[in-house]
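Residue numbers begin at 1 in each chain, while the letters A, B, ... track the order of the sequences. We use all heavy atoms of the structure for the numbers below, so side chains are in, but hydrogens, waters and symmetry mates are not.
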Amino acid sequence: MKNIIVKANAGALTNFEVLDLLNSRGASKDTTRVIASETVSRSEYKVYDYLMETAASTQTRDSVTKFSDKCKGFKLAKAEILNIINLRPSSDVELTPILEKPDEREIDIEGILALVQELLPPLPTVEAHKENEQEETEDGEQPNMETSV
Amino acid sequence: MFCLSELEDTVRVPPSDLNLPLEVAIKKALQKLFLDKVLSIGLCVSIYGIKSIEGGFVLPGDGAATYKVVFRIVVFRPFVGEVIAAKFKESDSNGLRLTLGFFEDVYVPAPLIPTPNRCEPDPYNRNQMRWVWKYGDDEFIIDDSCQQIKFRVENISYPPVPTERAEDAKPFAPMVVTGTIDDDGLGPVSWWEACAPISDDED
């Protein structure tokens with residue numbers, strides 16, 4: 001099997017960047033899916049649906065870039081900054097599992113949380129989740145999957 | 001969770017697509033080859049862009065044009081230690097299975113569920129087992145009423161394609177992510193909501 005990989009890792013992407021890419025191709029939340037399916041395939045839509053429920057759906061390029069610049073003062077690893085942007089933790093208990101050995105490194109947890117609070121937009125509202133919960137069938141299919149073609 | 005990878009491959013554009021603009025035809029062929037497929041670097045999620053196209057020769061006996069293409073794809077490949085939010089899919093006596101919608105093979109084996117815990121037959125679903133975490137005097141159930149379950153990636157493996165399989169075996173999973181929910185802040189998000197977040201105005 002010939003090796004077709006030139007570079008396995010040509011750059012990490014935040015969830016926001018992937019969502020932005022899909023948006024620029026024409027992905028959207030409503031029934032215009034049928035029209036956009038020329039440029040966005042079903043499997044790409046599954047990724048889109050997943051990302052729309054995460055912090056990425058309310059982020060902007062500006063806020064993400066500013067955040068990652070300001071993070072340089074906190075001695076965090078690139079992977080940790082990426083993880084924080086993707087999850088947008090709002091409390092100590094949400095931030096600690098992301099960090100590796102936070103106690104040994106003297107990380108300023110309060111400072112990081114304050115920066116998140118200041119620069120990253122809040123998570124999308126939970127109303128959509130509650131809707132899903134009521135209509136959820138036994139095998140856990142989300143209702144908005146029915147509208148995709 | 002995602003990263004870019006650069007690949008180079010020989011792509012065959014079938015004669016029916018030769019009336020399309022070249023980039024569109026090649027992208028179509030690439031999507032058919034790579035989209036939603038697992039490579040050694042992870043699950044290919046999207047074609048990011050084409051860097052260069054060479055060739056366009058028509059080999060004897062074949063109506064299609066063959067091109068050598070260098071392109072970049074978006075790959076789903078979580079790193080070990082990454083925390084990811086997922087939804088509950090099913091559980092059995094070996095542990096939990098979580099799903100991300102586009103990727104459904106996230107497993108949390110029994111040893112990585114917080115202890116003390118117990119496994120009991122699910123009263124709502126005959127075929128499933130349900131996991132329950134006992135913390136102090138409270139018991140927390142893990143089932144599909146949990147909206148979001150956060151786990152931390154412990155390992156990613158790419159099992160080789162099996163040559164023989166039992167009739168009723170689960171569909172083969174070419175990429176398996178093993179996760180843990182045994183740490184502060186992991187597991188169903190509702191377990192940790194009681195911990196005071198920094199006051200946001202959102203609810």
Side-chain angles (χ1 to χ4, degrees), chain A residues 2-15 17-18 21-22 25 40-51 53-55 79-80 82-83 86-87 89-98 100 110 113-114 116-117 122-123 125-126 129-130 132-133 136 138-140 142 145, chain B residues 1-10 31 35-36 39-46 48 51 70 72 74-77 79 81-90 99-103 124-125 144-145 147-148 150-152 183-186 189 192-193 195-203:
Chain A
K2 61 187 165 149
N3 191 3
I4 57 175
I5 300 172
V6 171
K7 237 200 234 175
N9 190 349
L13 297 173
T14 53
N15 287 3
E17 284 167 301
V18 178
L21 175 72
L22 293 172
R25 296 255 196 88
V40 182
S41 68
R42 274 192 78 173
S43 60
E44 283 168 326
Y45 256 115
K46 287 191 184 163
V47 179
Y48 176 83
D49 285 337
Y50 171 78
L51 292 175
E53 290 187 2
T54 64
E80 289 170 334
L82 196 88
N83 216 171
N86 286 348
L87 285 175
S90 48
S91 64
D92 193 319
V93 80
E94 286 185 36
L95 179 59
T96 24
I98 296 177
E100 205 178 305
E110 290 294 325
L113 288 173
V116 169
Q117 174 73 348
L123 296 173
T125 51
V126 261
H129 289 303
K130 292 204 178 115
N132 286 352
E133 206 184 299
E136 214 158 334
E138 240 186 321
D139 57 355
Q142 291 176 30
M145 290 294 275
Chain B
M1 226 191 302
F2 301 101
C3 68
L4 284 179
S5 289
E6 196 172 307
L7 305 177
E8 179 188 322
D9 199 12
T10 327
Q31 282 181 331
L35 213 59
D36 214 22
L39 306 176
S40 57
I41 44 175
L43 171 70
C44 173
V45 155
S46 182
Y48 189 72
K51 277 186 111 174
V70 178
R72 284 185 297 183
V74 178
V75 175
F76 166 69
R77 182 181 70 234
F79 51 89
E82 184 172 358
V83 175
I84 299 178
K87 291 208 163 74
F88 174 87
K89 186 172 167 81
E90 60 189 13
T99 172
L100 297 175
F102 60 94
F103 183 77
Y124 299 109
N125 189 337
D144 56 17
S145 67
Q147 292 157 4
Q148 263 200 356
K150 286 197 182 151
F151 68 95
R152 188 167 57 217
D183 200 354
D184 287 342
L186 302 178
V189 167
W192 305 99
E193 266 163 13
C195 302
I198 295 190
S199 62
D200 276 353
D201 282 333
E202 54 152 356
D203 177 18

Heavy-atom pair count under 4.5 Å with chain A, highest-scoring of B:I84, B:L39, B:L100: B:L100
Portion of A:N9 that has a non-hydrogen atom of chain B nearer than 4.5 angstrom: both
Contact class of A:L21 relative to chain B, heavy atoms under 4.5 angstrom: side chain
Pairwise side-chain contact, A:V40 with A:Y48, heavy-atom cut-off 4.5 Å (strictly under): no
Region of B:F79 that comes under 4.5 Å of a non-hydrogen atom in chain A: side chain
Qualifying residues under side chain to side chain contact (heavy atoms under 4.5 Å, CB included), relative to A:A8, sequence neighbours excluded: A:I5, B:I41
Partner residues of A:E17 under the side chain to side chain contact (heavy atoms under 4.5 Å, CB included) criterion, sequence neighbours left out: A:L13, A:T14, A:R61
Minimum heavy-atom distance A:N86-B:M1, with the two atoms named: ND2-N, 4.3 Å
Region of A:L82 that comes under 4.5 Å of a non-hydrogen atom in chain B: side chain
Under 4.5 Å from a heavy atom of chain B, the part of A:V47 involved: both
Residue pair B:F2, A:L51: steps toward the side chain to side chain contact (heavy atoms under 4.5 Å, CB included) verdict: CA-CA 12 Å; B:F2 301 101; A:L51 292 175; 4.0 Å; yes
Toward chain A, the part of B:T99 with a non-hydrogen atom under 4.5 Å: neither
A:R25 CZ to A:E44 CD distance, which is reported to the nearest 0.5 Å: 5.0 Å
Options A:A12, A:G11, A:P89, ranked by heavy-atom pairs under 4.5 Å with chain B, top entry: A:G11
